[in-house]
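All of these numbers come straight from a predicted model, not from anything done at the bench. Lettering of chains follows the sequences in order, A, B, ..., and the numbering in each one begins at 1.
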Protein chains: 2
Amino acid sequence: MDSPLLPSVRFQNCPIRTSLGVLGKRWTLLVLRDIGFLKVDRFNQILRTLPGLTPRVLAMRLRELEQEGFTKQIEVQKTPRIVRWGLTAKGEDTLPILMGLIGFGSKWYPEVVFADSQPRTPEELFPKRVKYNPVIR
Amino acid sequence: MDSPLLPSVRFQNCPIRTSLGVLGKRWTLLVLRDIGFLKVDRFNQILRTLPGLTPRVLAMRLRELEQEGFTKQIEVQKTPRIVRWGLTAKGEDTLPILMGLIGFGSKWYPEVVFADSQPRTPEELFPKRVKYNPVIR
DNA sequence: CTGCATCCGATCGGATACTG
DNA sequence: CAGTATCCGATCGGATGCAG
């Protein structure tokens, strides 16, 4: 018989459900991917990297993410108007979750993700540079 | 200037987007939580742990999860009919992602998640038992 | 009882056009 | 370039029904 995996402290509300209240909406994690990983940080750039996403929904998601403290405007300019988006500390903390999704997709959907259809581990995809200089970004 | 974090092998399609095609639907990750962590593995039990989820949507999600190879029926009985659900290896591989969400919620929504409103780390929540017997489940 | 199916109103997301 | 406005279809949530 399997038994539930219980935390040392009781949850008053489920942290998964709580997190998904914000992160669980359609496009939200992909917008964070753009800003956090790809450094695609402007409105129309994000639209271009996410075919199917429309301006209305992107504006909604960016507003929610900013209100919830995941993102912030890091540069604003007018004529021409330019807004760039960046992650807050809270937003950065979603990147391990995104990494989990990268690992999962690379293992279980290799024929979709890779041209050679070979599954790969996170370590293969993002090798640690331990010699001379460990700086990655 | 930040530069994008690139994998050692080019992605033909984004593994995050690919993974979310299945995992990104409403309720899906919470159903996996029930089966994988809580061992709540029967239809009406799952319904009870997830207020707001209706039989119609749960049936849809269970069908999708089974078709996509995340879950399987591990026990079937008739009169009374009983179906129990379990995770496949692929389903088990989503648990680290759920753990990421647990860690995120426990850090950033402590007043929702914990009665004492104190944020906690994954290590505090699931301390490693290193003495005598490291078996957790 | 349990595991669904059906119907329906509400909400959300998508397409397109438009504005500062 | 960064968003809004409007319209419409898809999906969701809620109630109810039903067979095994």
### Query
Between C:dA5 atom P and B:Arg61 atom CZ, what is the distance in whole Å?
14 Å
### Task
Round to the nearest Å and state the distance from B:Gln45 atom CD to C:dG3 atom P.
8 Å
### Task
May I ask you to evaluate whether B:Arg48 reaches the phosphate of C:dG3, defined as a side-chain N or O under 4.0 Å from OP1 or OP2?
no
### Summary
Heavy-atom closest pair (B:Ile35 atom, B:Trp85 atom, distance to 0.1 Å) is CG2-O, 3.5 Å
### d(CG, B:Asn44; P, C:dC1) in whole Å
11 Å
### Query
Checking only heavy atoms, does the side chain of A:Arg56 share a donor-acceptor pair with the base of C:dG14 at less than 3.5 Å?
yes
### Query
Can B:Glu66 and B:Lys72 be counted as an ion pair, charged N to O under 4.0 angstrom?
no
### Query
How many Å lie between NZ on A:Lys25 and P on C:dG14, as a whole number?
13 Å
## Note on the structure
When B:Thr94, B:Leu38, B:Leu101 are each screened for side chain to side chain contact (heavy atoms under 4.5 Å, CB included) with B:Arg33, the one that passes is B:Leu38
### Message
Reading DNA chain D from 5' to 3', where do the contacts with chain A start and stop? Cut-off is 4.0 Å to heavy atoms.
### Response
D:dC1 to D:dT6
### Task
May I have the distance from A:Phe43 (atom CZ) to C:dG20 (atom P), rounded to whole angstrom?
17 Å
### Message
Under 4.5 Å between side-chain heavy atoms, counting indirect links through other Ile/Leu/Val/Met/Phe/Trp/Tyr residues: same cluster for B:Ile74 and B:Leu62 or not?
### Response
no
### Query
What is the distance, rounded to the nearest whole Å, between atom CG of A:Leu30 and atom P of C:dG14?
11 Å
#### Entry: Exercise: identify the closest heavy-atom pair between B:Glu68 and B:Lys90
O-NZ, 2.8 Å
### Query
Passes salt bridge (Lys or Arg N to Asp or Glu O under 4.0 Å), A:Lys128 versus A:Glu123? Steps please.
CA-CA 7 Å; A:Lys128 306 252 184 281; A:Glu123 294 70 40; over 6 Å; no
### Message
Between P on C:dG3 and CG on B:Leu62, what's the gap in Å once rounded to a whole number?
### Response
10 Å
### Query
To the nearest Å, how far apart are B:Leu47 CG and C:dC4 C1'?
10 Å
### Query
When we call it a touch if two heavy atoms are under 4.0 Å apart, what does A:Pro80 touch: a base, just sugar-phosphate, or nothing?
nothing
### Query
Are B:Phe104 and A:Phe70 close enough that their ring centres sit under 6.0 Å apart?
yes
